[in-house]
Amino acid sequence: QVQLVESGGGLVQPGGSLRLSCAASGSIFMLNSMGWYRQCPGKKRELVATVPSGGSTNYADSVKGRFTISRDNAKNTVYLQMNSLKPEDTAVYYCNAVLRTTRPMDRFSNYWGQGTQVTVSS
C-alpha cells in the first residue's frame with residue numbers, strides 16, 4: 001500500500017508565497033517522476049510541475065518563473081515553492097507520483113495525494 005501525504009496549503013494574499021510538501025510512503029520499490037497538479041471547480045486537472053528521478057524539471061507556462069519544484073529522494077518527498085501567487089493560482093493542488101510497488105511483477109502506476117487547498121485572495 002502506498003500513501004502520498006500533502007501539506008502546506010492555505011490562504012495567502014496576492015503576491016505572497018506558500019510551500020507545499022508531499023511525502024510518499026509504503027511499499028515503494030522504485031519511484032520515478034513526482035509532480036504537482038491542480039484543479040479548479042468545474043475544470044480539468046492540469047499539470048503544474050514535474051520532476052523526474054533524473055533529468056530536468058517541467059513547468060506549466062502559467063507558473064514558470066514563479067514556482068519551483070524540487071525533491072528529496074532520500075525522503076521520497078517532493079516540494080513546490082510558490083512565489084508571487086495570483087488569484088488565478090487558487091485551486092486544489094494534488095501530488096502525483098509514478099512508482100512501482102514491491103508487489104511481484106508490478107508496473108509503474110500513477111498515485112495521487114488527497115489534495116490540499118490553496119486560496120489566493122485579499
Any side-chain heavy-atom pair of T90 and S121 under 4.5 Å: no
Any L85 side-chain heavy atom under 4.5 Å of Q13 side chain: no
CA sep, side-chain torsions, deciding dist, call: D72, Y79, side chain to side chain contact (heavy atoms under 4.5 Å, CB included): CA-CA 8 Å; D72 184 335; Y79 306 95; 4.1 Å; yes
Smallest separation among heavy atoms of A49 and L80, with atom names: CB-CD1, 4.3 Å
Residues in ring-ring contact (aromatic ring centres under 6.0 Å, His included) contact with Y111, at least two apart in sequence or another chain: none
Residues E46, C40; criterion side chain to side chain contact (heavy atoms under 4.5 Å, CB included); working and verdict: CA-CA 9 Å; E46 63 178 11; C40 299; 5.9 Å; no
Side chain to side chain contact (heavy atoms under 4.5 Å, CB included) between R38 and S62, worked out: CA-CA 12 Å; R38 66 187 182 187; S62 59; 3.4 Å; yes
pair T101-F29: side-chain heavy atoms closer than 4.5 Å: no
salt_bridge(D89, K86) N-O dist < 4.0 Å: no
Y93 reachable from Y59 in the ILVMFWY side-chain graph, under 4.5 Å edges: yes
Single-linkage hydrophobic cluster, 4.5 Å side-chain cutoff, Y94 and V98 together: no
Minimum side-chain heavy-atom gap V48-M82 below 4.5 Å: no
Q117 CD: over 12 foreign heavy atoms closer than 6.0 Å: yes
Pairwise side-chain contact, W36 with L20, heavy-atom cut-off 4.5 Å (strictly under): yes
Heavy-atom closest pair, residues S17 and N83: OG-OD1, 2.9 Å
Where R107 and R100 come nearest, the two heavy atoms and their spacing: C-CG, 3.5 Å
Heavy-atom pair of closest approach, residues V51 and R71: O-NH1, 3.0 Å
Side chain proximity check, L99 to N76, heavy atoms < 4.5 angstrom: no
Heavy-atom neighbours of F108 CZ exceed 12 at 6.0 Å: yes
Nearest non-hydrogen partners of V92 and G115, listed with the distance: CG1-CA, 3.8 Å
Over all atoms of both residues, closest heavy-atom pair of V78 and M34: CG1-CE, 3.7 Å
Single-linkage hydrophobic cluster, 4.5 Å side-chain cutoff, L47 and W112 together: yes
